[in-house]
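These notes are about the structure you will find just below.
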Amino acid sequence: MNDALSVEGAADDYENCLKQLIKNGVIAVSPVTGFPKFDLMLLGMGPDGHIASLFPGHPIVNENQKLVTCVKDSPKPPPERITFTFPVINSSAHIALMVTGAGKAGAVHKALSGNESSSDLLPVEMVEPQDGEMTWFTDKPAMSMLSRI
């Protein structure tokens with residue numbers, strides 16, 4: 001990522017680099033989604049259920065064309081970030097989601113309880129591998145609000 005550029009420029013530059021790596025055969029493309037298929041995507045989750053720099057209620061969670069986009073008004077510092085979009089995340093062969101701590105128990109409960117509606121999904125609930133699998137790595141405090149551990 002080129003930090004000498006504006007956040008928009010850095011996102012565009014990173015996307016162009018990824019496209020070149022795809023063109024050169026370094027990164028595969030998912031035959032299911034047409035987006036880059038990383039072997040492994042390692043993600044963490046914030047207490048609000050955000051993953052990568054995809055925050056609840058932020059319009060970029062709906063981006064479905066770009067590989068990389070920018071956030072200029074992040075609710076958590078730093079305010080300017082770049083991030084993969086959900087189509088790239090969900091095209092990964094394997095997604096490892098690390099979630100630890102009692103402060104994340106509410107988001108874990110919401111994500112794993114199965115009581116969601118499409119209008120109030122947390123970003124973590126939008127992680128749905130299309131051509132791969134996801135594994136949660138948690139601790140007991142993060143799972144403390146679930147009825148069965």
Side-chain angles (χ1 to χ4, degrees), residues 1 3 7-8 10-19 21-22 26-149:
M1 295 178 231
D3 63 356
V7 69
E8 297 96 341
D12 290 342
D13 183 63
Y14 194 30
E15 179 156 334
N16 289 332
C17 289
L18 288 175
K19 288 179 177 177
L21 291 171
I22 291 166
V26 176
I27 297 176
V29 173
S30 167
V32 174
T33 67
F35 282 88
K37 183 172 183 170
F38 288 96
D39 293 331
L40 175 65
M41 183 78 57
L42 177 61
L43 299 171
M45 183 192 79
D48 60 356
H50 85 269
I51 54 107
S53 288
L54 300 164
F55 292 92
H58 199 283
I60 68 164
V61 299
N62 299 312
E63 174 58 55
N64 62 11
Q65 300 297 312
K66 294 181 178 183
L67 309 180
V68 179
T69 192
C70 66
V71 179
K72 295 175 75 172
D73 56 351
S74 169
K76 177 181 174 182
E80 293 187 338
R81 302 160 170 245
I82 67 172
T83 185
F84 287 130
T85 60
F86 276 114
V88 173
I89 292 168
N90 288 331
S91 294
S92 299
H94 301 278
I95 298 172
L97 181 63
M98 299 288 297
V99 183
T100 61
K104 298 176 184 174
V108 169
H109 179 265
K110 182 176 181 325
L112 297 179
S113 68
N115 297 330
E116 72 276 351
S117 73
S118 61
S119 65
D120 68 345
L121 289 177
L122 296 175
V124 71
E125 294 174 277
M126 298 169 74
V127 179
E128 297 178 355
Q130 301 299 301
D131 189 21
E133 59 186 47
M134 182 166 96
T135 304
W136 287 66
F137 294 89
T138 66
D139 62 5
K140 285 185 180 183
M143 303 294 283
S144 64
M145 291 181 70
L146 296 177
S147 59
R148 293 176 291 171
I149 296 180

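Computed from a prediction, not measured in an experiment: that's the story for all the values here. Numbers for residues simply follow the sequence, beginning at 1.
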On a heavy-atom basis, which atom in [X] and which in [Y] lie closest, and how many Å separate them?
X: Pro123; Y: Pro56; result: CG-N, 3.5 Å
X: Glu8; Y: Cys70; result: CG-SG, 3.8 Å
X: Met45; Y: Ala107; result: CE-CB, 3.6 Å
X: Ala142; Y: Val108; result: O-CB, 3.5 Å
X: Ser91; Y: Lys37; result: O-CG, 3.1 Å

Take Asp131 and Ser30 through the side chain to side chain donor-acceptor pair (under 3.5 Å) test and state the conclusion after the steps.
-> CA-CA 7 Å; Asp131 189 21; Ser30 167; 3.2 Å; yes
Are the side chains of [Y] and [X] in contact, using a 4.5 Å heavy-atom criterion?
X: Ile82; Y: Thr69; result: no
X: Val88; Y: Thr33; result: no
X: Glu133; Y: Pro129; result: no
X: Ile27; Y: Phe38; result: yes
X: Phe86; Y: Val61; result: yes
X: Val124; Y: Trp136; result: yes
X: Thr138; Y: Lys104; result: no
X: Leu67; Y: Pro36; result: yes

Using 0.5 Å steps for rounding, measure from the [atom1] atom of [X] to the [atom2] atom of [Y].
X: Met143; Y: Leu112; atom1: CE; atom2: CG; result: 6.0 Å
X: Ile60; Y: Glu63; atom1: CD1; atom2: CD; result: 8.5 Å
X: Thr135; Y: Leu40; atom1: OG1; atom2: CG; result: 9.5 Å
X: Asp12; Y: Lys66; atom1: CG; atom2: NZ; result: 6.0 Å
X: Glu15; Y: Gln65; atom1: CD; atom2: CD; result: 10.0 Å
X: Ile89; Y: Met126; atom1: CD1; atom2: CE; result: 10.0 Å

side-chain contact (heavy atoms from CB on, under 4.5 Å) between Val68 and Thr85: does it pass, once the steps are laid out?
-> CA-CA 6 Å; Val68 179; Thr85 60; 6.0 Å; no
Yes or no on side-chain contact (heavy atoms from CB on, under 4.5 Å) for Leu97 and Val127, after CA distance, side-chain angles and deciding distance?
-> CA-CA 10 Å; Leu97 181 63; Val127 179; over 6 Å; no
Glu80 vs Val71, side-chain contact (heavy atoms from CB on, under 4.5 Å): CA-CA, chis, key distance, verdict | CA-CA 5 Å; Glu80 293 187 338; Val71 179; over 6 Å; no
Derivation and outcome, side-chain contact (heavy atoms from CB on, under 4.5 Å), residues Leu122 and Phe55 | CA-CA 8 Å; Leu122 296 175; Phe55 292 92; over 6 Å; no
Output yes when a side-chain donor or acceptor of [X] lies under 3.5 Å from a complementary backbone atom of [Y], and no otherwise.
X: Gln130; Y: Glu128; result: yes
X: Ser92; Y: His94; result: no
X: Asp139; Y: Gly101; result: yes

Would Glu125 and Lys110 pass as an ion pair if we require N to O under 4.0 Å?
-> yes
Are Thr83 and Ser53 linked by a side-chain donor-acceptor pair shorter than 3.5 Å?
-> no
